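Below: the structure, in structure tokens.
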Amino acid sequence: MAAAETSQVAARIGILGIAGRIGVLLAEESAKAGAIVSGGTRRSGEAGPYRIFPDAASLCANSDVVIDFTRAEAVEAHLAAAMAAKRPLVLGTSGLSAAQEAAVAEAATQIPIVYAANFAPGVNLLFALAERMAAALPPEQYDAEIVEMHHRQKVDAPSGTAVALGRAVARGRGTTLEKAGTESGRDGHTGPRRTGAIGFAALRGGQVVGEHTLLFAAGTEQIALTHRSFDRRVYATGAVRAALWLLGQSPGLYDMKHVLGMG
């Protein structure tokens, strides 16, 4: 049977953190997509009718593909479990350090991984637009600022999506985010804005699912691109789509532009 047919009929999807807010949605969307929810891991909470495994290793061994939307401190253990079982991994955990991202890249030499800052199709189109606009708007004339707002429980700032937007802008300008430089958390007498730097502002409050705005501000005009998520389910739907796409893929580090056919 072809990989695409297997992914739609009998793929076993394991969910790390299945009892969390996004974990519950991942299980629901996996079932809607025709996959089998093999089970998951949890720290606390009810997991409905799904089998709970004691650790990531046993979950990976009993799944065809695994989805991880947990916490950054667990990512290296989850990568190790996926590599040991030779299972594809969808990674949506945010707030990874440079060392953790390097570990993801290393793991991708052995197993296929989709690692994305955001799994909503609209956000990934926003990344593509950001890169093209940045290439057309000179940094000497157009300052790039990124404003994001999330629910009060979010633990990392700026969000992974905001950082990915910044990286898209930097790519469009022929550089990297690190080389372009960033400005965030402005307070007090900060001096003038640095030309070419990419600015970030993080807002937290209430139960906002996710809002991101990219601004290109010049002396004569201002352009704004905004994406708003109203339901976390959009992330789960995209992640399940990525999980099914991964089946049969060669080892490598992929993102949602590959899943959406834009890569």
Side-chain angles (χ1 to χ4, degrees), residues 11-27 30 37-45 47 50-119 150 153-164 166-167 176-178 202 232 235-236 238-240 242-247 249-259:
R12 299 173 302 162
I13 297 180
I15 301 168
L16 291 156
I18 198 170
R21 284 188 299 182
I22 190 67
V24 170
L25 297 177
L26 286 166
S30 295
V37 179
S38 56
T41 62
R42 71 178 182 191
R43 293 197 307 172
S44 62
Y50 304 113
R51 180 181 177 185
I52 298 302
F53 290 87
D55 51 40
S58 55
L59 175 64
C60 290
N62 286 275
S63 305
D64 297 316
V65 59
V66 176
I67 305 177
D68 182 5
F69 273 68
T70 56
R71 290 182 174 268
E73 56 265 29
V75 70
E76 286 162 315
H78 294 167
L79 288 169
M83 286 189 289
K86 300 188 183 305
R87 294 297 188 264
L89 179 68
V90 175
L91 181 59
T93 301
S94 62
L96 301 192
S97 67
Q100 289 167 331
E101 289 195 335
V104 174
E106 176 62 27
T109 65
Q110 300 183 43
I111 59 174
I113 297 175
V114 170
Y115 172 43
N118 194 302
F119 285 82
H150 285 83
Q153 292 88 1
K154 187 167 179 63
V155 298
D156 57 305
S159 70
T161 300
V163 173
R167 288 176 174 167
T176 65
L177 188 59
E178 291 74 20
R232 289 179 179 83
Y235 309 138
V240 170
L244 298 178
W245 178 87
L246 264 182
L247 295 174
Q249 299 294 333
S250 300
L253 185 56
Y254 306 97
D255 59 26
M256 279 302 286
K257 71 173 181 288
H258 298 103
V259 177

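No experiment lies behind these values; they were computed from the predicted model shown. Throughout, residue positions are numbered sequentially from 1 according to the sequence presented.
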* Asked: Would you call R43-E73 a salt bridge at under 4.0 Å N-O?
  -> no
Is any side-chain heavy atom of [X] less than 4.5 Å from a side-chain heavy atom of [Y]?
X	Y	result
F119	V259	no
V66	C60	yes
T70	H78	yes
D68	L89	yes
N62	F53	yes

To the nearest 0.5 angstrom, please state how far the [atom1] atom of [X] sits from the [atom2] atom of [Y].
X	Y	atom1	atom2	value
Q100	E76	CD	CD	5.0 Å
T41	D55	OG1	CG	8.5 Å
S38	R51	OG	CZ	8.5 Å
K154	S94	NZ	OG	3.5 Å
D64	R12	CG	CZ	4.0 Å
T93	I67	OG1	CD1	11.5 Å

Please give me the minimum heavy-atom distance between [X] and [Y], naming the atom from each residue.
X	Y	result
S250	P112	O-CB, 3.4 Å
L253	H258	O-CE1, 4.5 Å
A202	A157	CB-CB, 3.9 Å
Y50	G39	CB-CA, 4.4 Å
V37	S30	CG2-CB, 3.8 Å
A239	L26	CB-CD2, 3.7 Å

- prompt: Does the separation of the ring centres of Y235 and F69 fall below 6.0 angstrom?
  reply: no
Give the C-alpha distance, both sets of side-chain angles, the deciding distance and a yes or no for side chain to side chain contact (heavy atoms under 4.5 Å, CB included) between V104 and L79. CA-CA 7 Å; V104 174; L79 288 169; 3.9 Å; yes
- Message: If you apply the rule side chain to side chain contact (heavy atoms under 4.5 Å, CB included), what do you find for H150 with S159, and how did you get there?
- Response: CA-CA 8 Å; H150 285 83; S159 70; 3.5 Å; yes
Verify side chain to side chain contact (heavy atoms under 4.5 Å, CB included) between Y254 and L246, making sure each step is shown before the conclusion.
CA-CA 9 Å; Y254 306 97; L246 264 182; 4.1 Å; yes
Step by step, work out the side chain to side chain contact (heavy atoms under 4.5 Å, CB included) result for V114 and Q249. CA-CA 10 Å; V114 170; Q249 299 294 333; over 6 Å; no
Of I15, V65, I13, L25, the one forming a side-chain contact (heavy atoms from CB on, under 4.5 Å) with V240 is I13
Q110 side chain to E106 main-chain N or O, any donor-acceptor pair under 3.5 Å?
no
